[in-house]
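Quick notes on the structure that follows.
Note on naming: letters A, B, ... go to the chains in the order of the sequence lines (proteins, then strands), and numbering restarts at 1 for each one. Because only heavy atoms are used, hydrogens play no part in the values below, and waters and symmetry mates are left out as well, while side chains stay in. Model, not experiment: these values are computed from the prediction.
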Amino acid sequence: AQSVAQPEDQVNVAEGNPLTVKCTYSVSGNPYLFWYVQYPNRGLQFLLKYITGDNLVKGSYGFEAEFNKSQTSFHLKKPSALVSDSALYFCAVRVLNNNDMRFGAGTRLTVKP
Amino acid sequence: DAGVIQSPRHEVTEMGQEVTLRCKPISGHNSLFWYRQTMMRGLELLIYFNNNVPIDDSGMPEDRFSAKMPNASFSTLKIQPSEPRDSAVYFCASSWDREGEKLFFGSGTQLSVL
């Protein structure tokens, strides 16, 4: 069965510093990997996805993620964090021929001024 | 397009009552998903439909939960009878049925069962 794991419940960074939110995946086929962000009392918003090709994927709001097949990871990164980036971040996986999407437990990112 | 529309936005009910949550997917999308979000269990997939047909309902907690999609523009999630442990935020999402397509989420229904 396909799944993703987010090993950190919480990540704290100072504004202006780089941030990383970790995600590892476990699938039996080629994965389609996604990052979503959730602000308080809102639905999930799409940030970026990896389908194939370049391992570095760029997305919304200056976020990017690196697909690493050997480490089965898809970490979310941003070179310089903003206080407004504080939110709940979810990694998700979808597999060829299996239409459902499975989410990780979420990581709460807090960016302090 | 207005996006995925869910109603009601908030629902407060008493234990034992029937609850119906509603979802209107984005026009043209042929896959629809129901998720439940709680602090303890995170985001759980309850059921998803392709072309109005339920494909996988293995995430539905028990027989008290049922979901229907009578047409391409409407779906319901019903809980009967409701229990306090059903209190959660329920999200509906839709997408095209193509490889690697992203999901578009509604704003959710905050359900409180007293």
Side-chain angles (χ1 to χ4, degrees), chain A residues 1-10 21 23 25 27 29-54 57-60 63 65 67 74 87-108, chain B residues 2-7 9-10 21 23-26 29-60 67 88-111:
Chain A
Q2 67 209 49
S3 64
V4 290
Q6 295 180 243
E8 301 157 317
D9 293 334
Q10 175 106 18
V21 183
C23 173
Y25 65 90
V27 300
N30 292 321
Y32 302 124
L33 296 160
F34 301 77
W35 276 101
Y36 282 80
V37 60
Q38 185 181 30
Y39 298 101
N41 302 313
R42 302 287 296 276
L44 277 70
Q45 298 177 31
F46 171 78
L47 276 180
L48 52 81
K49 69 178 180 181
Y50 170 81
I51 303 298
T52 187
D54 195 347
V57 179
K58 294 187 182 298
S60 307
F63 284 93
F67 174 71
F74 189 58
L88 191 56
Y89 289 82
F90 290 94
C91 182
V93 63
R94 224 171 171 181
V95 178
L96 178 63
N97 295 327
N98 187 345
N99 197 30
D100 68 1
M101 183 175 283
R102 303 286 173 163
F103 287 81
T107 298
R108 184 163 299 282
Chain B
V4 177
I5 300 173
Q6 290 187 246
S7 64
R9 190 76 173 88
H10 298 92
L21 311 181
C23 176
K24 176 179 169 54
I26 291 174
H29 283 184
N30 54 359
S31 292
L32 183 138
F33 304 76
W34 282 100
Y35 287 88
R36 178 173 68 176
Q37 185 178 32
T38 61
M39 288 291 291
M40 291 298 294
R41 302 173 71 93
L43 202 60
E44 303 172 276
L45 176 64
L46 300 178
I47 185 172
Y48 75 93
F49 296 82
N50 268 10
N51 297 314
N52 312 338
V53 176
I55 302 300
D56 184 356
D57 65 354
S58 60
M60 296 285 263
V89 181
Y90 290 82
F91 287 105
C92 176
S94 70
S95 80
W96 287 282
D97 179 23
R98 293 195 297 255
E99 289 182 28
E101 281 295 336
K102 65 185 180 186
L103 270 59
F104 293 78
F105 279 79
S107 298
T109 295
Q110 173 79 57
L111 174 64

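- Contact count against chain A (heavy-atom pairs under 4.5 Å) is highest for B:Lys102 among B:Gln110, B:Glu101, B:Gln6, B:Lys102.
- Around CZ of B:Arg9, the count of heavy atoms belonging to other residues, nucleotides or ligands within 6.0 Å exceeds 12.
- Shortest non-hydrogen contact noted between B:Phe33 and A:Arg94 is CZ-NH2, 3.3 Å.
- Looking at A:Phe90, the atoms closer than 4.5 Å to chain B (heavy atoms on both sides) all sit in the side chain, from C-beta outward.
- Only the side chain of A:Gln38 comes within less than 4.5 Å of a heavy atom in chain B; its backbone stays farther off.
- Interface residue A:Leu44: backbone and side-chain heavy atoms are both found under 4.5 Å from chain B.
- Nearest heavy-atom pair, A:Met101 versus B:Leu103, reported as atom, atom and distance to 0.1 Å: CE-CD1, 3.7 Å.
- Residues meeting the ring-ring contact (aromatic ring centres under 6.0 Å, His included) test with A:Tyr25, sequence neighbours left out: A:Phe67.
- Remark: A:Phe103 engages A:Tyr36, B:Tyr35, B:Phe105 in a ring-ring contact (aromatic ring centres under 6.0 Å, His included) (not counting sequence neighbours).
- Taking 4.5 Å as the limit, some side-chain heavy atom of A:Leu88 sits within range of a side-chain heavy atom of B:Gln37.
- There is no contact between B:Arg41 and chain A, counting heavy-atom distances below 4.5 Å.
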